[in-house]
Amino acid sequence: MNEKYDFNEIERKWQKYWEENKSFKVTEDYSKEKYYVLEMFPYPSGKLHMGHVRNYSIGDVVARFKHMSGFNVLHPMGYDSFGLPAENAAIKNGVEPAEWTYSNIAEMTEQMKRMGLSYDWDREVATCTPEYYKWMQWIFIQFYKKGLAYKKENPVNWCPSCQTVLANEQVVGGCCERCGSAVGKKNLSQWYLKITDYAERLLENLEKLEGWPQKVKTMQKNWIGRSVGAEVEFEIKDFDKKLEIFTTRPDTLYGVTYMVMSPEHPFIEALTVGTEYEAAVKEYQEKVQKMTDIERTSTAGEKTGVFIGRYAVNPLNGKEVPIYISDYVLMDYGTGAIMAVPAHDERDFDFAKKFGLEIIPVVQPEDPSVDVNHLEQAFVAEGKMINSEMFTGMDNKQAIEKIIDYLEDQKIGRKAINYKLRDWLISRQRYWGTPIPMIYCEHCGWVPEKEENLPILLPTDVEFTGKGESPIATSKTFAETVCPKCGAKAHREVDTMDTFLDSSWYFLRYCDARNENAAFDPEKAKYWMNVDQYIGGVEHAILHLMYSRFFQMVFYDLGLVKDEEPFKNLLTQGMVIKDGKKMSKSIGNVVSPEEIIGKYGADTARLFILFAAPPDRELDWSDAGVEGSYRFLNRVYRLVYELADQCRNAPKNYEIKSSADKALAYEMNASIKKVTEDAGGRFMFNTAISSIMELVNEIYRYKELDTLNTALLADAVEKLILILSPFAPHICEEMWQHMGHSESVYCEAWPVYDETALIKDEIEIVVQLNGKVKEKLNIQTNLDKTAFEKAVMENDRIKALLEGKEVIKVIAVPDKLLNIVVK
RNA sequence: GCGCGAUUGGCGGAAUUGGCAGACGCAAUAGACUUAGGAUCUAUCGGGCGACCGUGGGGGUUCAAGUCCCUCAUCGCGCACCA
């Protein structure tokens with residue numbers, strides 16, 4: 001150990017040591033309790049950004065802490081390495097996507113190693129390797145066999161810039177989640193996964209996820225969007241099919257004054273062909289089809305639509321009502337048609353006002369100031385039923401049940417549950433993804449490839465044009481094959497899978513990353529799963545986290561895993577910002593991890609990022625703050641350098657004699673306790689570090705004393721190194737070695753604190769008069785209420801304080817405070 | 001519009017169960033050491049001369065409120081014609 005803290009030399013030295021000694025390699029040890037800590041694996045864009053550094057620093061503290069606490073820790077890392085940027089690089093610079101990707105992976109791995117992260121690199125996965133996507137294809141086939149994968153033609157979200165379709169989840173505010181272009185619609189035949197079959201379980205299980213942030217659970221709940229109501233059949237006059245609608249308010253059936261169908265509704269053609277309304281209807285349909293989602297939502301509230309010249313019959317009272325089409329009714333929710341009750345629905349109210357339609361109230365508000373016959377806006381609250389024949393007079397909530405019963409009796413409707421969640425569109429017209437292992441045969445239809453023929457390798461004889469069709473279609477050899485079932489000439493699917501499939505099971509692959517015979521060994525998965533702590537950005541709250549839950553449930557149903565849920569605890573880390581803004585190239589406020597590590601070292605970077613804010617909050621980058629963390633590490637280093645000789649020669653056992661001894665022993669144990677709780681359970685690394693700082697300050701005070709208990713001092717210094725080591729591992733290894741240890745600090749046991757050292761004989765308590773602090777006294781600890789009150793009240797200063805006052809009440813909280821209520 | 005979450009010194013933040021508001025750090029000020037200091041050490045550091053006042057504003061519950069309840073404001077995030 002040099003006199004000066006040379007982080008460069010120290011960090012290289014210990015990174016080499018860990019690598020050579022395979023310090024972080026982990027195997028299944030069924031005799032030991034496991035702990036699986038996982039950080040969301042990155043897309044290999046080339047360089048780490050501060051968000052990665054924060055994510056991995058948090059995970060590394062947890063991993064190192066749990067390892068020292070005796071757990072068999074699985075802490076893996078890998079790359080979500082399929083995806084568009086690689087292909088765009090190919091189009092732009094002519095580099096092979098594989099080459100571009102693997103060189104980025106190499107660079108990022110190097111950067112992660114420079115950070116001193118405790119990953120078991122032997123378990124690294126990259127989703128773009130045939131070893132990985134072989135099993136992705138196998139999984140797809142299992143889904144297909146279970147009836148969970150199907151192909152169908154549908155209007156789909158189409159990103160004109162990425163030239164591919166998008167899942168609903170990937171359309172944010174009408175724009176492509178990736179590139180921000182306005183998303184349009186296109187009719188295409190595509191592969192889907194039946195996630196809607198799991199809607200109820202995905203929703204129900206959210207309750208059980210106690211270790212998840214409420215925010216994420218709420219977001220998923222809203223996304224699944226369950227609503228309970230009824231399906232009701234309306235006859236259409238002079239038409240042989242019935243119009244089915246979904247409503248959450250069957251109690252308002254008597255208030256129906258018109259119907260609205262989505263412009264895409266399949267009946268419309270037959271209902272209008274050859275009529276005087278046909279032209280206007282067609283015109284409206286075309287207008288709506290041309291609009292992008294943004295245009296549609298930008299005019300939300302302003303209702304448009306046309307009457308189609310037809311009438312529907314209310315099944316409860318036989319009333320005939322006109323049928324309209326309007327874009328406020330969506331084809332892909334419910335049945336694509338609604339019953340309109342303008343009195344009790346805001347949208348219907350707006351529409352009725354605009355088109356001069358009748359408004360019939362059927363729920364009487366309790367508030368007498370609302371005139372139900374002259375509504376200014378829709379009345380959507382609860383009340384008593386009116387104008388509803390035999391249901392009149394009931395509470396409307398009760399009427400919902402009664403009317404559903406009646407509908408079911410009459411066979412004109414039924415109770416129904418609807419979800420916003422749609423099936424997951426997984427086809428992508430791109431190259432750099434897992435080929436969908438399906439073959440189309442003219443005789444047999446779609447047939448999965450034989451499992452022994454997997455993986456279906458990505459062809460390399462392709463052209464990257466960036467145009468509408470999958471580049472795989474340009475391969476001369478890929479598509480041509482024979483039907484696995486009948487042997488006839490057949491052709492392969494040329495689309496690839498959405499990369500979100502790859503990341504929906506990587507946490508299982510880590511359990512058994514090198515397995516060549518299975519996606520993972522269920523026995524190993526049973527040992528490691530589930531993930532005890534998952535850490536990543538909140539931007540994955542819906543997409544990745546819900547897809548992964550879906551996959552896990554399917555695996556559960558296939559008997560491959562023992563739990564329905566993959567992630568026991570979830571920590572969503574906050575963003576790293578600078579000057580109050582998100583770091584971005586255009587603002588020019590980006591701080592590069594490389595630069596910081598080069599200037600101060602990885603330990604400083606890690607320490608600062610953990611100290612500056614609690615992990616789930618935004619972190620405002622501060623250059624001065626980094627200096628502070630650097631100064632702190634230097635301060636610790638100097639302390640150990642100065643005291644090491646003394647400490648090495650100190651005896652092991654000691655007695656606490658002086659009050660200074662007691663103070664140091666107290667601080668040492670208090671710090672261990674605090675760090676144990678904050679790093680191990682509460683995940684408040686900022687306060688953990690601040691308590692380590694307090695210990696350092698206390699040791700600095702102590703070492704200046706004339707009479708020292710060197711054994712105690714040595715103990716304090718060693719404990720300090722141990723509890724600091726998960727945060728700043730390199731410097732701690734160096735100091736630990738300098739203290740005379742040959743074993744890596746990573747392999748040491750986490751220190752246990754001594755509860756008795758935390759008990760003080762005397763404590764400063766507060767005396768309040770009418771809730772205001774007036775005096776502070778040193779009082780013996782551990783007294784009961786009466787003795788505590790007596791001890792305080794008999795104090796001369798308190799007696800003086802109470803001079804001439806009448807004591808009305810005394811509230812005693814032993815070891816804390818005494819509040820005297822006086823007049 | 002609906003649903004979350006936040007708001008504490010000059011700044012980042014602490015206060016875990018209702019019990020001393022401001023731990024720890026940054027910045028700042030003064031001093032020491034020094035040829036020098038952007039190193040290190042020591043001290044001060046919410047406001048007010050003070051009684052006291054202070055956790056976004058107003059109200060409430062309580063012996064006691066940053067913490068619980070009501071209400072308003074601002075900022076951030078999510079969803080957004082979901083029948």
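On a predicted model such as this, the values are computed, not experimentally measured, just so you know. Residue numbering restarts at 1 for every chain, and letters A, B, ... go by the order of the sequence lines.
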Checklist entry - Quick one: is B:A23 close enough that its OP1 or OP2 comes under 4.0 Å of any side-chain N or O from A:Asn686? => result no
Next on the checklist: Any strand counts, and the cut-off is 3.5 Å on both contacts for Watson-Crick or G-U wobble. Which nucleotide pairs with B:C49?
Outcome noted: none
Next on the checklist: When both hydrogen-bonding distances must be under 3.5 Å and the geometry is Watson-Crick or G-U wobble, what is B:U62 paired with, if anything?
Outcome noted: none
Next on the checklist: Within the 4.5 Å heavy-atom criterion, are A:Val767 and A:Arg797 side-chain neighbours or not?
Outcome noted: no
Checklist entry - Do the side-chain N or O atoms of A:Ser227 get closer than 4.0 angstrom to the phosphate oxygens (OP1, OP2) of B:A83? => result yes
Checklist outcome for this item: Picking from B:C24, B:C26, B:A83, the nucleotide nearest the side-chain atoms of A:Arg631 would be B:C26
Next on the checklist: In this structure, how many angstroms lie between the P atom of B:C77 and the CE atom of A:Met219, rounded?
Outcome noted: 12 Å
Checklist outcome for this item: Under a 3.5 Å limit on both distances, the Watson-Crick or wobble mate of B:A43 is B:U29
Item to check | Lys/Arg-Asp/Glu bridge criterion (N-O < 4.0 Å) met for A:Asp251, A:Arg249 | outcome: yes
Checklist entry - Starting at CD1 of A:Ile542 and ending at P of B:G3, how long is that distance when rounded to a whole Å? => result 18 Å
Checklist entry - Rounded to whole angstroms, how far apart are CD1 on A:Ile224 and C1' on B:C79? => result 14 Å
Item to check | Length of the line joining A:Leu607:CG and B:G12:C1', which is rounded to integer Å | outcome: 14 Å
Item to check | Nucleotide of B:G12, B:G13, B:A83 approaching A:Phe246 most closely (side-chain heavy atoms) | outcome: B:A83
Checklist entry - B:C20 P sits how many Å from A:Leu818 CG, rounded? => result 14 Å
Checklist outcome for this item: When both distances are under 3.5 Å in a Watson-Crick or G-U wobble arrangement, the nucleotide paired with B:C20 is none
Checklist outcome for this item: Ranking B:C41, B:A15, B:C20 by distance to the side chain of A:Gln768, first place goes to B:C20
Next on the checklist: Tell me which nucleotide, if any, is Watson-Crick or G-U wobble paired with B:U34 when both distances must be under 3.5 Å.
Outcome noted: none
Item to check | Residue A:Pro614, side-chain atoms from C-beta onward, closest of B:C24, B:A14, B:C26 | outcome: B:A14
Checklist outcome for this item: Ordered by number, residues from residues 412-423 of chain A within less than 4.0 Å of RNA chain B (heavy atoms) are A:Lys420
Item to check | OP1 or OP2 of B:C41 under 4.0 Å from side-chain N/O of A:Arg635 | outcome: yes
Checklist entry - Watson-Crick or G-U wobble partner for B:C79, using a 3.5 Å limit on both distances? => result B:G1
Checklist entry - Quick one: the side chain of A:Lys776 and the base of B:C20, do they pair up donor-acceptor inside 3.5 Å? => result yes
Checklist entry - On a whole-Å scale, what distance lies between the P atoms belonging to B:G25 and B:U44? => result 14 Å
Next on the checklist: Check the phosphate of B:A39 against A:Asn634, side-chain N and O only, distance under 4.0 Å to OP1 or OP2. Yes or no?
Outcome noted: no
Item to check | Test ring-ring contact (aromatic ring centres under 6.0 Å, His included) applied to A:Phe632 - qualifying residues, sequence neighbours left out | outcome: none
Checklist entry - Which whole number of Å gives the distance between the C1' atom of B:G12 and that of B:U17? => result 27 Å
Checklist entry - What's the CG-C1' distance between A:Asn697 and B:A23, to the nearest Å? => result 11 Å
Next on the checklist: I need the CZ-P distance between A:Phe611 and B:C26, as an integer number of Å.
Outcome noted: 8 Å
Checklist outcome for this item: Nearest-nucleotide check on RNA chain B, A:Glu694 vs A:Asp620; residue mapping nearer the 5' end is A:Asp620
Checklist entry - side-chain contact (heavy atoms from CB on, under 4.5 Å) with A:Lys805: which residues, sequence neighbours excluded? => result A:Leu769, A:Val822
Next on the checklist: If the glycosidic angle sits within 90 degrees of zero it is syn, else anti. Tell me which applies to B:G50.
Outcome noted: anti
Checklist entry - Can a side chain N or O of A:Arg617 be found less than 4.0 Å away from OP1 or OP2 on B:A14? => result yes
Item to check | A:Ile325 vs A:Gln285 side-chain heavy atoms within contact, under 4.5 Å | outcome: yes
Item to check | Centroid-centroid under 6.0 Å between A:Tyr324 and A:Phe351 rings | outcome: yes
Next on the checklist: I'd like to know if A:Lys303 reaches the base of B:C81 with its side chain, counting only an N/O donor and acceptor under 3.5 Å.
Outcome noted: yes
Checklist entry - Can you find a heavy atom in the side chain of A:Val813 that is under 4.5 Å from one in the side chain of A:Asn819? => result no
Checklist entry - Considering only side-chain heavy atoms of A:Val773, which listed nucleotide, B:C63, B:A21, B:C52, is closest? => result B:A21
Next on the checklist: Nearest heavy atom decides the nucleotide; on that basis, is A:Gly771 or A:Met331 closer to the 5' end of RNA chain B?
Outcome noted: A:Gly771
Checklist entry - Salt-bridged, A:Glu642 to A:Lys703, with N to O below 4.0 Å? => result yes
Item to check | A:Arg617 and A:Gln573: side chain donor to acceptor below 3.5 Å | outcome: no
Next on the checklist: Of the options B:G12, B:C63, B:A14, whose atoms approach the side-chain atoms of A:Met684 most closely?
Outcome noted: B:A14
Checklist entry - Nearest-Å distance, CD (A:Glu627) to P (B:A27)? => result 8 Å
